[in-house]
Amino acid sequence: MSTEQIRIPLGKPGDFHVHLRQGDLMKIVTPTITQGGVSIVYVMPNLVPPLIDVDAVLAYKAQLQELSPETTFLMSLYLRPEITPEVIAQAAKAGITGVKCYPAGVTTNSAAGVSSYEPYYPTFKAMEEHNMVLNLHGECPSGDDITVLNAEHKFLPTLAGLHSRFPKLRIILEHCTSKAAVDAVLACGPTVAATITAHHLFLTVDSWGGNALNFCKPVAKLPSDRTALIEAATSGNPKFFFGSDSAPHPVSAKRKELGAAAGVFTQPYAIQYVAEIFDNAGKLDKLKGFVTDFGRDFYQTSEDKDVGKKSVTLVKADTVVSESIGAEDLTVIPFLASQSLKWTVEWE
Ligand code: DOR
Ligand code: ZN
């Protein structure tokens, strides 16, 4: 019997939805991007205060670059009334890639978010003209028979409406979690895509009811929704690609008796988690499309433009997820802490 290791070249993978935070937590989290087998990331702007200014985004990018010199950082602004068509022109010129839209109050640092879309039509028009990406957190705020369980479903007509009004605007339905969302994205033209996280390929309602570490927004849904996500991710359809939504919170913020913070931390093992699912589904041949090619195609960024020169090989060898990273009041517990995964990554 051959003892040769199974090795699968993945090129330079991308994670097109990450939260890298600020201050000391940023210093802990940002260097783990490489450990998770990722060369390029798209960075979320929900800092305190939110990133609504081109210079602030560029200053943040410089901090991140220093912490992880081999990573390529694509940056975003936070949609607010301050993001006028003029700011879009300035942002495009400065190399900022997109704008993230958070409905008010749906998740971490979204209090300053959007409560209606019409006022932003001139901004969306300018984004279309400047070829910028609109990243949608696709949930309606709770109220009026809306809860965390149907908040994404209720948002889908908004996605369809924005797409038909701005057909050339590249739109991403971020971290989609349901069969209905997959179908809605499939029904749109090629300018609309969706990211899928690693954790939503594992979790269902039962995983977070009673376990705050698995609580995130949008929440994981039914087993049939998870099946639809796995099918979409492993389908080879370029409309679906990887965005981890890795969202670290100190364990003290997760374990609060009231109001546990939403977010699952996956950055240090991002590709390893996804590989586990693709392996279990017998679809490892589709992994490179999902984690490397499709996101890059949508973001129009080829591997040779990356700052880092090395590529990733997936290797059949166990990875044991650490118990925690950081220390003291900045201790963060990664997804599937202390468990064993079947694949590891090598850079070469
Ligand atoms: O679970 C989440 N956590 N979902 C989001 O949309 C935001 C994120 C965070 O920043 O913690
Ligand atoms: Zn997010």
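All residue numbers in this chain count up from 1 along the given sequence. Both counts, for ligands and for their atoms, begin at 1 and track the order of listing. Values below: all heavy atoms of this structure, side chains included; hydrogens, waters and symmetry mates excluded.
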Undergrad: May I ask you to check whether Asp245 brings an N, O or S atom to under 2.8 Å from the Zn ion (ligand 2)?
TA: yes

Undergrad: Should the ring pair Phe290 and Phe242 be called parallel, tilted or perpendicular, given that the plane angle runs from 0 to 90° and is split at 30 and 60?
TA: tilted

Undergrad: Would you please indicate yes or no on a ring centroid separation below 6.0 angstrom for Phe16 and Phe298?
TA: no

Undergrad: Within ligand 1, which atoms have a heavy atom of Thr108 less than 4.0 Å away?
TA: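 Heavy-atom distances to Thr108 below 4.0 Å select 9 (C), 10 (O), 11 (O).
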
Undergrad: Should the proximity of Glu139 to ligand 1, defined as any heavy atom under 4.0 Å, be assigned to the side chain, the backbone, both, or neither?
TA: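 Contact part for Glu139 vs ligand 1: neither.
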
Undergrad: So, Thr319 versus Gln272: side-chain donor-acceptor pair below 3.5 Å or not?
TA: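 Their side chains do not contain a donor-acceptor pair, so the 3.5 Å distance test is not met.
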
Undergrad: Mark up the atoms of ligand 1 that fall under 4.0 Å of a heavy atom belonging to His137, in ascending order.
TA: 6 (O)

Undergrad: Could you tell me which atoms of ligand 1, counted from 1 in the order shown, lie closer than 4.0 angstrom to a heavy atom of Cys216?
TA: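 It comes down to these atoms of ligand 1: 1 (O).
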
Undergrad: Please list the nearest protein heavy atom to atom 7 (C) of ligand 1 with its residue and the distance rounded to 0.1 Å.
TA: Thr107 OG1, 3.2 Å

Undergrad: Is it true that Glu174 and Lys100 have a side-chain N and a carboxylate O under 4.0 angstrom from each other?
TA: no

Undergrad: Does the N or O separation between Ala262 and ligand 1 drop below 3.5 Å for any pair?
TA: yes

Undergrad: I'd like to check which ligand 1 atoms, numbered from 1 as shown, lie under 4.0 Å from a non-hydrogen atom of Ala247.
TA: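 The list of qualifying atoms is 3 (N), 8 (C), 9 (C), 11 (O).
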
Undergrad: Looking at every non-hydrogen atom in both residues, tell me the closest pair between Leu229 and Ile196 and how far apart they are.
TA: O-CD1, 3.8 Å

Undergrad: Is Val106 touching ligand 1 with its side chain, its backbone, both, or neither, if touching means heavy atoms under 4.0 Å apart?
TA: neither

Undergrad: Is there a heavy atom of Arg21 sitting under 4.0 angstrom from any atom of ligand 1?
TA: yes

Undergrad: Would you check if Leu77 and Val57 make a side-chain contact, meaning some heavy-atom pair closer than 4.5 Å?
TA: yes

Undergrad: So if I apply the side chain to side chain contact (heavy atoms under 4.5 Å, CB included) rule between Leu10 and each of Asp293, Val345, Thr313, Leu287, which one comes out positive?
TA: Leu287

Undergrad: Does Glu139 pair with Lys217 as a salt bridge, N-O distance under 4.0 Å?
TA: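 Between Lys217 and Glu139 there is a salt bridge, with a charged N closer than 4.0 Å to a carboxylate O.
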
Undergrad: Is the distance between the ring centroids of Tyr269 and Phe335 less than 6.0 Å?
TA: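 Ring centres of Phe335 and Tyr269 not closer than 6.0 Å.
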
Undergrad: Please confirm if an N, O or S atom belonging to His17, backbone or side chain, lies less than 2.8 Å from the Zn ion (ligand 2).
TA: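 Of the N, O and S atoms in His17, at least one lies under 2.8 Å from the Zn ion (ligand 2), which means yes.
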
Undergrad: With under 30° as parallel and over 60° as perpendicular, where do the rings of Tyr42 and Tyr299 fit, or are they tilted in between?
TA: tilted

Undergrad: Within His137, is some N, O or S atom less than 2.8 Å away from the Zn ion (ligand 2)?
TA: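 Given the 2.8 Å cut-off, His137 does not count as a ligand of the Zn ion (ligand 2).
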
Undergrad: How close does the nearest protein non-hydrogen atom get to atom 1 (O) of ligand 1, and which residue and atom is it?
TA: Lys217 N, 2.8 Å

Undergrad: For ligand 1, is any non-hydrogen atom under 4.0 Å from His249's backbone (N, CA, C, O), its side chain (CB onward), both, or neither?
TA: side chain

Undergrad: So which bit of Asn46 gets within less than 4.0 Å of ligand 1, heavy atoms only: side chain, backbone, both or neither?
TA: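 Near ligand 1, Asn46 shows its side chain, while the N, CA, C and O stay back.
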
